[in-house]
Amino acid sequence: MQEILEAIRSGASGEEIANLPVPSSYRAAVVHKEETTMFEGLASNEKDPRKSLHVEGVATPELAPDEAYVAVMASSINFNTVWTSIFEPVSTFVFLERLGNESRWGKRHDLPYHVVGSDAAGVVLRVGSAVRNWKPGDRVTVHCNFVDDQDPSAHDDSMLAANQRIWGFESNFGGLADLAVVKANQLMPKPAHLSWEEAAVNALCNSTSYRMLVSSNGASMKQGDVVFIWGATGGIGGYAVQYVLNGGGIPVGVVSGPEKAKLLNQMGCEHVIDRKERAYRFWRDDGTQDEREWRRLGKDVRSLVGEDPHIVFEHPGRQTMGASVFICARGGTVVTCAATSGYMIEYDNRHLWMKLKSIKSSHFANYKEAWEANRLLAKGMIQPILSRTFALEDVGEAASQVHQNRHEGKIGVLCLAPEEGLGIDDPELREKVGEDRITLFRRA
Ligand code: NAP
C-alpha cells in the first residue's frame, strides 16, 4: 500500500494509479467470529472494544463487476462499530452468513473475521467492468447504503429494499482499513476543501440527519419549526442542529455538561438544555416512568422557546422515548432512528393519539439523500464535526471513547493518511467557508 500512498500524495494521474498493482492483502480493523462470546455475562458498558477490535492483515477479496476498490485515507467511528465490537444486540456474523447465502459475490463476505467501518474517504484504485461513472484516481467519500440494484424493491426508496444493508456493519470489507470494497452506487465526490479525515467522518451521520429532518421520507421540517434534539453535539445531533439552523428552524439542543453546552452556542444554537444539570429521572427505580419528570422537561422547553417542539429528534430510545412523545407538540412528529439506551420502548399512548402526534421511523438514507447531504457539505453549507483523530492501530481506543460517551461530534481514524491535514484540494473554498467553522469541534 506504500506505493499507492506515495502515488496519491504525489498527485499521480488516474492512469498511473490504475497501473499500480492492488496488493493481495491489506491492513484492517476486524472482529473475530471465534470471540463472539468473549463478553458473555458482562453489562454493556463493561464490554470493551479495545479487547475485541484487532488490526491485522486480511486477504483482498475478488472485485465484483459493480464494485470498486478504494484506497482508504481516513475513516470514522460510528456507533455501529461499537455494536459490532461488543457483539450487541446480535453478533454481526449473523448478517455476514445471511449475505453469504445470497449469491456468489455475497459468499465472499461470510468469513471468520469482519472488517468493520461504515465511512471512508479515499481514492478509487480499480473499478469493476460494469462501473460507468467512476474511474481510478477519483477522490471519493463512501456512503453506507448497500443495496442490490437488481432487486425491484430497491427502486422506489432504496431504504425500503428487501435486502438493504449497512456496509461495514451488515456486510464485510468496511472502511476502517487501508482498502475497502464498495459498490459503485456508494461513491460520492470528496468535498474538495476538506482534509481526508474531515471528509471521512460525515457520510453516515450527515445523511441520516438529512433524511430524518429534511427529506420528505423523514419529518419534512419547515421554516419556524421548533426541533428538540437529543445528543445535540453527538454524531447525528451535530448535523441535526446544522440542518435546523440552515432550514430556518429553531433548535433546542440537549447535551450533558457545560462544555458541550458552550459548543452548541458556538454552533449558533441559542436554546440549550444541560440534561446533567437538570438531572431528569424519567424512570423510577421500580421500573415505571414518572410523568412529572416529562412535564418538567416540557416546561423547560417552553420556558426557552415559548412553545412545544414540532419535531423531536429521537435516538436514545428507552431512557427518553416516553418524554419525547410527551413533550412533542399536538400534531407534531417524533422522528427516531435508534435506541442506544434500550430498544424495548414505553410511552403513554394517550398523549400520542389524543394530540394526534406521529412517530416516524427513519434509517440511514437512500443514495439521493446521501448525495444531497454530501453536496451541502461540498458547498460549505454543512460543516464536518470532527473532534479528534486516532491512528488505525488505536481503533479500539477510538471505539471505546464513543461507547463510553467520552467524545463530541465525530472521531476520525487515519488509515493510509500518515498525518492530519492532507487532501485539501480547494484552499480558496476552505478560506471562504472559514477555518473556524470547519474546525469548530476540533477546538472544543
Ligand atoms: P453519539 O455520537 O454517541 O451521540 C449520541 C449522543 O446522545 C451522546 O453523545 C449523548 O449526548 C446522547 N445520549 C446518549 N445516551 C443518552 C441517554 N440515555 N439520554 C439522553 N441522551 C443520551 O452517537 P450517534 O452517532 O449520534 O448515534 C446515536 C444513535 O443513533 C446510536 O444508537 C447509533 O447507532 C444510531 N444511529 C442510527 C442510524 C441509522 O441509520 N438508523 C444512523 C446513525 C446513528 P449527551 O451526553 O451530550 O446528552
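These values consider heavy atoms only, across backbone and side chains, with no hydrogens, waters or symmetry-generated copies. Whatever order the structure lists them in is the order used to number ligands and atoms, beginning at 1. This one's a predicted model, so the numbers in the text were calculated from it and none came from an experiment.
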Per-atom contacts, ligand 1 versus [X] - under 4.0 Å to a heavy atom:
X      : value
Cys205 : 25 (O)
Leu204 : 42 (C), 43 (C)
Thr320 : 19 (N), 20 (C)

[X], any N or O under 3.5 Å of ligand 1 N or O:
X      : result
Gly235 : yes
Thr233 : no
Gln319 : no
Trp230 : no
Val254 : no
Ser341 : no
Ile236 : yes

Nearest protein heavy atom to [atom], by residue and atom, and its distance?
atom                    : answer
atom 9 (O) of ligand 1  : Asn405 OD1, 3.0 Å
atom 45 (P) of ligand 1 : Ser256 OG, 3.3 Å
atom 5 (C) of ligand 1  : His315 CE1, 3.8 Å
atom 48 (O) of ligand 1 : Arg275 NE, 2.7 Å
atom 11 (O) of ligand 1 : Gly231 CA, 3.6 Å

Practice task
Sort out for me which residue in Asp290, Thr320, Asp300 forms a side-chain hydrogen bond (donor to acceptor under 3.5 Å, both in side chains) with Tyr280.
Solution key: Asp300
Practice task
Would you confirm whether Ser207, through its side chain, and Leu204, through its main-chain N or O, come within 3.5 Å as a donor-acceptor pair?
Solution key: no
Practice task
Inspect the contact between Arg211 and Glu372 and indicate whether a charged nitrogen and a carboxylate oxygen are less than 4.0 angstrom apart.
Solution key: no
Completion exercise
At under 4.0 Å between heavy atoms, what of His407 touches ligand 1? The answer is side chain
Problem - Non-neighbouring partners of Ala338 that pass side chain to side chain contact (heavy atoms under 4.5 Å, CB included), sequence neighbours left out - result: His315
Practice task
Would you mind finding which of Ala261, Ser362, Gly257, Ala338 brings a heavy atom closest to atom 35 (C) of ligand 1?
Solution key: Ala338
Exercise for the section: Run the contact test for Arg318 against ligand 1 with a 4.0 Å cut-off on heavy atoms, strictly below, and give the result. Expected result: no
Practice task
Kindly say whether the aromatic ring centers of Tyr113 and His32 come within a distance under 6.0 Å.
Solution key: no
